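Structure first, commentary second.
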Amino acid sequence: MDEFNYVVNRIGTSSVKWDMTKKLFGDEYVLPMWVADMDFPSPKPVIDALIKRVEHGIFGYTFPSSETKRIIKKWIYKRHGWDISPSYIEFSTGVVKALSSAICAFTEEGDHIVIQPPVYYPFFDMVSLNNRVVVENQLILNNGQYEIDFQDLEQKLMDKKVKMLLLCNPQNPSGRVWTKEELTKIGELCLKYDVMVISDEIHSDLMLFNFKHTPFASIDHRFAENSITCIAPSKTFNLPGLQAAVIILPNRNIRQTFTQFEKKQGSFSLNTLGITAMEAAYQYGEKWLENLLIYLEENVKVLEEFIQNEIPQLKVIRPQSTYLVWIDCRNLNKSEKELKDLLLNKGKLALELGSKYGKNGEGFVRMNIACPRKTLEDGLNRLKKAFT
């Protein structure tokens, strides 16, 4: 685990996380534990593959080959038990880009799209910026775990204006892993009311504490025919800057419509190094990932113990997946503005405020713990300083 304890200085690398603190938070000396990228180097086989590709010296137009798709198919089956055809696979420069493309390709301006806050904030943005209407099926926090309000969900889906549901599976920011039963209920309701499902499964490889990811489309062929699944090596192997995502479209007509829309936007392929990194990560990165998950679980335990002992007025929503921890600060009885002020000016700590993820996220913060233990301990001490 020594590879995860080593602190890498990322300042001066044009890092959004580390080099934009002054611009984003007004203070270049805050500790950034907000945006979802890791402070760990990517797996050595990925770095070696990139070096080899760079040494070739020519970076002409490149395409993901049939071998790329074979590697992805093998990874998905081994990790999640979903046996897909390589023909289902298309590519995009990112999951958010794919969400936007799906919204534009399969809905019209003015259509309604359901999301489930608190949820990854680009869900809001991609709907509203594309002139569609956000419909919120708010999750319910019950005994430290988020649940789906299925009665409310059905009420929302039966509205004829609703054409699509954006599913976050696993859930961001809470780290909740939806069960097969829960996903089945969603799938049946969406079929009943003719609502298409776009499933963002970018965190699906980051399962903690023996939880298991269920790909939405793997449950029932009818769900597969009514959905698009988005994954990427970016969160799993810390490759977001290489901008390479995998879009899985089992329905041939949906696949053709999606790819045609992408072509109309001028999107034809991925960048050369993104393809190289994706192939190496999915082919040779599994051992690194298994070690990462053990390290992340220990980081969760360190955080939980520290908060219980040092800041007991806070409540940790234990993540079942991801490296993001959702922390309930409502017992502090502070406004969002006050929380932000205490974190930045007293604690010198940059976290994501919960309101960014929807109104029912107010009073929460999201903390990225994909960092060396030393950095985590620094962040926790700053959190204590801010709130005590």
Side-chain angles (χ1 to χ4, degrees), residues 80 82 99 102-103 106-107 111-124 126-128 132-204 207 211-230 250-251 315 317-322 324 326 328 330 354 357-364:
H80 308 302
W82 185 21
L99 294 178
I103 288 168
F106 299 102
T107 68
D111 283 347
H112 292 202
I113 298 176
V114 174
I115 64 174
Q116 298 173 300
V119 72
Y120 185 46
Y121 55 88
F123 278 31
F124 292 90
M126 291 305 100
V127 176
S128 58
R132 277 68 171 173
V133 178
V134 172
V135 176
E136 298 187 16
N137 166 230
Q138 295 196 16
L139 301 178
I140 300 170
L141 185 58
N142 185 19
N143 293 323
Q145 178 174 281
Y146 279 98
E147 298 175 350
I148 297 168
D149 185 342
F150 281 102
Q151 183 176 354
D152 177 73
L153 177 60
E154 183 163 14
Q155 288 293 321
K156 300 292 170 59
L157 294 178
M158 67 173 58
D159 184 344
K160 297 294 186 183
K161 295 178 182 177
V162 171
K163 303 299 182 183
M164 181 177 285
L165 180 144
L166 302 185
L167 175 64
C168 199
N169 175 40
Q171 213 274 337
N172 174 14
S174 72
R176 175 75 158 82
V177 174
W178 301 121
T179 65
K180 183 178 180 179
E181 291 71 26
E182 289 168 320
L183 294 171
T184 299
K185 288 182 181 180
I186 291 173
E188 294 291 355
L189 285 172
C190 288
L191 286 176
K192 180 178 180 179
Y193 296 108
D194 194 23
V195 173
M196 187 177 181
V197 178
I198 312 299
S199 189
D200 173 359
E201 304 190 6
I202 196 170
H203 292 280
S204 58
M207 294 291 108
F211 280 89
K212 179 176 173 54
H213 171 68
T214 302
F216 171 77
S218 72
I219 298 171
D220 189 307
H221 76 278
R222 298 173 302 149
F223 300 172
E225 289 291 307
N226 188 47
S227 67
I228 296 174
T229 299
C230 306
N251 183 306
K315 295 180 181 179
I317 310 301
R318 174 180 263 216
Q320 300 169 350
S321 66
T322 84
L324 306 166
W326 192 235
D328 187 347
R330 291 176 296 176
Y357 301 86
K359 187 172 178 58
N360 59 342
E362 290 182 3
F364 292 77

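In what follows, every heavy atom counts, from backbone to side chain, and hydrogens, waters and symmetry copies are set aside. Predicted model only: the values in this text are computed from it and were never measured.
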Can you tell me how far [atom2] of [Y] sits from [atom1] of [X], rounded to the nearest 0.5 angstrom?
X: N172; Y: F123; atom1: CG; atom2: CZ; result: 8.0 Å
X: I228; Y: L166; atom1: CD1; atom2: CG; result: 10.5 Å
X: M164; Y: R132; atom1: CE; atom2: CZ; result: 8.5 Å
X: Y120; Y: L324; atom1: OH; atom2: CG; result: 10.0 Å
X: H203; Y: R176; atom1: NE2; atom2: CZ; result: 16.0 Å
X: L153; Y: I148; atom1: CG; atom2: CD1; result: 7.0 Å

ask   = So H80 and S218, side-chain contact (heavy atoms from CB on, under 4.5 Å) or not? Walk me through it.
value = CA-CA 9 Å; H80 308 302; S218 72; over 6 Å; no
Is any side-chain heavy atom of [X] closer than 4.5 Å to a side-chain heavy atom of [Y]?
X: N169; Y: T229; result: no
X: H221; Y: P250; result: no
X: F364; Y: L141; result: yes
X: C190; Y: L157; result: yes
X: I186; Y: W178; result: no
X: H112; Y: K156; result: no
X: I103; Y: V127; result: yes
X: Q116; Y: Q171; result: no

Looking at every heavy atom in both [X] and [Y], which two are closest together, and how far apart are they?
X: W326; Y: G354; value: CH2-CA, 3.5 Å
X: I317; Y: G144; value: CG2-O, 3.6 Å
X: P215; Y: W82; value: CB-CE3, 3.6 Å
X: K212; Y: M207; value: C-SD, 3.9 Å
X: G175; Y: T322; value: CA-OG1, 4.2 Å
X: P117; Y: E136; value: CG-OE1, 3.6 Å

Contacts of type side chain to side chain contact (heavy atoms under 4.5 Å, CB included), residue [X], not counting sequence neighbours:
X: I140; value: D149
X: S227; value: V197, F216, A217
X: K180; value: T184, T214, I219

message = With a 3.5 Å distance limit and no angle check, can you tell me whether N251 reaches the backbone of A224 through a side-chain donor-acceptor pair?
response = no
ask   = Do the charged groups of D159 and K161 touch, with an N to O distance under 4.0 Å?
value = no
query = With a 4.0 Å cut-off, would you call E188 and R222 a salt bridge?
reply =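 Salt bridge: yes.
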query = Which of parallel (below 30°), tilted (30 to 60°) and perpendicular (above 60°) describes Y121 and Y357?
reply =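 Perpendicular.
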